[in-house]
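Below you'll find the structure, written out as structure tokens, and then a few comments.
Keep in mind that this is a model prediction, so the values were computed, not measured. Residue numbers start from 1 in every chain, and the chains themselves are labelled A, B, ... in the order their sequence lines are given, proteins ahead of strands. Atom set for the values below is all heavy atoms of this structure, side chains included, hydrogens, waters and symmetry mates excluded.
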Protein chains: 2
Amino acid sequence: MEKYLTWYKEIIKKNGIKNTVQKEAVLNVLIKASSHLTVEEIYQQIKDVKIGLATVYRSLKLFEDLGIAKEIPMGGARYYELKLFGKKPLHIHFKCMNCNAMTDIDDTETNLDYIRLNQKVEHKMGLEVNDANITLLGLCKECREKLNAQTK
Amino acid sequence: MEKYLTWYKEIIKKNGIKNTVQKEAVLNVLIKASSHLTVEEIYQQIKDVKIGLATVYRSLKLFEDLGIAKEIPMGGARYYELKLFGKKPLHIHFKCMNCNAMTDIDDTETNLDYIRLNQKVEHKMGLEVNDANITLLGLCKECREKLNAQTK
DNA sequence: CTACCTGCAAAACGTTTGCAAGACG
DNA sequence: CGTCTTGCAAACGTTTTGCAGGTAG
């Protein structure tokens, strides 16, 4: 947590960008959440810090450029989450078509399977893969059982 | 091609929807392109057919509901492409971060690898996977070579 | 002290909607 | 004929931008 902040400060200094309360507030929300959030959700959590919506947008775009954050577009909405920062090199999103909930599939082995597969593609196609957006669509466990119980 | 049209007409009849020149025009663009297009790109190709932008949107949404087309969100923009219609049960998109080109990775074996992996997740997590959006980000072959040549 | 950053409000953008007119079956 | 569909323009929500003032380094 502290480590993230320190690392972030080095990055922006190296790029001649100034640190501000606002940028740090946005970053902190992302760190604490450690999962995908919409711009609005981020804004709601820090609007007491005297920050304008525009600044939230600007900060997120900056973080994206610096490789700190990542955008995940999903059916009209745009989610943001921390990228790299060591922990999660890749993970998979799952969206339930029935209840519209969006969750992470947080299974190390599965994630590694996907990373391995991405590398296979990289070599086979002669390109360089730096990142991957993987979203599975279907029915979550709960909805699946509920729908099956109704025998339709 | 003709087969698609016939199939489509059966589907919409079954749902009590009326066929029109406009809907068919949108569908034809998708069939001919057989790859991802933005709403604007679709509109440009058929605006001579006397069609309004709103109708393109409405048709695409309808096609999505009927399971004919599929939306692929990518960094702010929304792409559409034909779904199912037999041929491609899943395929992977690749976006080059340098030239911004978006291409399909059209390799049967690779696609099958991903489908197998998706099924593995399905069983492991107890959910039902009906569809998947997979987009890889990185450098395409051309840009990779170009950038390497510059030795930076 | 200078360059960068911010908030605000206005503008731009993509998408959706209400409505009256039109077309399909 | 009735219902579904269309084009248009207005409405809408989200994202971006210009600008004058503020702040970090």
Output the rounded distance in Å from [atom1] ([X]) to [atom2] ([N]).
| X | N | atom1 | atom2 | result |
| --- | --- | --- | --- | --- |
| Lys47(A) | dC8(C) | NZ | P | 13 Å |
| Asp65(A) | dC5(C) | CG | P | 12 Å |
| Lys23(A) | dA24(D) | NZ | C1' | 9 Å |
| Leu66(A) | dC4(C) | CG | C1' | 14 Å |
| Lys13(B) | dC4(D) | NZ | P | 16 Å |
| Ile46(A) | dG7(C) | CD1 | P | 9 Å |
| Tyr43(A) | dT14(D) | OH | P | 13 Å |
| Glu24(B) | dT6(D) | CD | P | 12 Å |

Non-hydrogen side-chain atoms of Leu127(B) and Leu139(A) separated by less than 4.5 Å: no
Residue pair Val121(A) / Lys124(A), side-chain heavy-atom distance below 4.5 Å: no
Partners passing ring-ring contact (aromatic ring centres under 6.0 Å, His included) against Phe94(A) (at least two apart in sequence or in another chain): none
Look at the side-chain N and O atoms of [X] and state whether any lies under 4.0 Å from the OP1 or OP2 oxygen of [N].
| X | N | value |
| --- | --- | --- |
| Thr20(A) | dC4(C) | no |
| Lys50(B) | dT6(D) | no |
| Gln22(A) | dG7(C) | yes |

B/S/- contact track for nucleotides 11-19 of chain C, protein heavy atom under 4.0 Å: ---SBBBB-
Taking [X] first and then [Y], would you say they form a salt bridge - that is, a charged N and a carboxylate O separated by under 4.0 Å?
| X | Y | value |
| --- | --- | --- |
| Glu40(A) | Lys47(A) | no |
| Arg78(B) | Glu71(B) | yes |
| Glu109(B) | Lys120(A) | yes |
| Glu128(B) | Arg144(A) | yes |

Heavy-atom donor-acceptor pair, Gln44(B) side chain to Glu41(B) backbone, under 3.5 Å: no
Verdict with reasoning, Tyr4(B) to Asn28(B), per side chain to side chain donor-acceptor pair (under 3.5 Å): CA-CA 9 Å; Tyr4(B) 297 155; Asn28(B) 273 322; over 6 Å; no
Extract all donor-acceptor atom pairs below 3.5 Å that involve side chains of residues 9-25 of chain A and protein atoms in other chains or at least two apart in sequence.
residue	atom	partner	partner atom	Å
Asn19(A)	OD1	Tyr8(A)	OH	3.0
Asn19(A)	ND2	Glu24(A)	OE2	2.8
Thr20(A)	OG1	Lys23(A)	N	3.3
Lys23(A)	NZ	Lys18(A)	O	2.4

Residue mapping more 5' on DNA chain C - nearest nucleotide basis, Gly52(A) or Asn19(B): Gly52(A)
Divergence of helical axes at both termini of the helix from dC1(C)-dG25(D) to dG25(C)-dC1(D) - five pairs an end, 10° steps: 40°
Whether His36(B) and His93(B) hold their rings parallel, tilted or perpendicular, with breakpoints at 30° and 60°: perpendicular
Among dG7(D), dT6(C), dT6(D), the nucleotide that comes nearest once only the side chain of Thr55(A) is considered: dT6(C)
What's touching nucleotides 1-3 of chain D from the protein side, N or O pairs under 3.5 Å?
residue	atom	partner	partner atom	Å
dG2(D)	N2	Lys18(B)	NZ	3.1
dT3(D)	O2	Lys18(B)	NZ	2.4

With a cut-off of 3.5 Å and sequence neighbours excluded, list every side-chain donor-acceptor pair involving residues 57-66 of chain A.
residue	atom	partner	partner atom	Å
Ser59(A)	OG	Thr55(A)	O	2.8

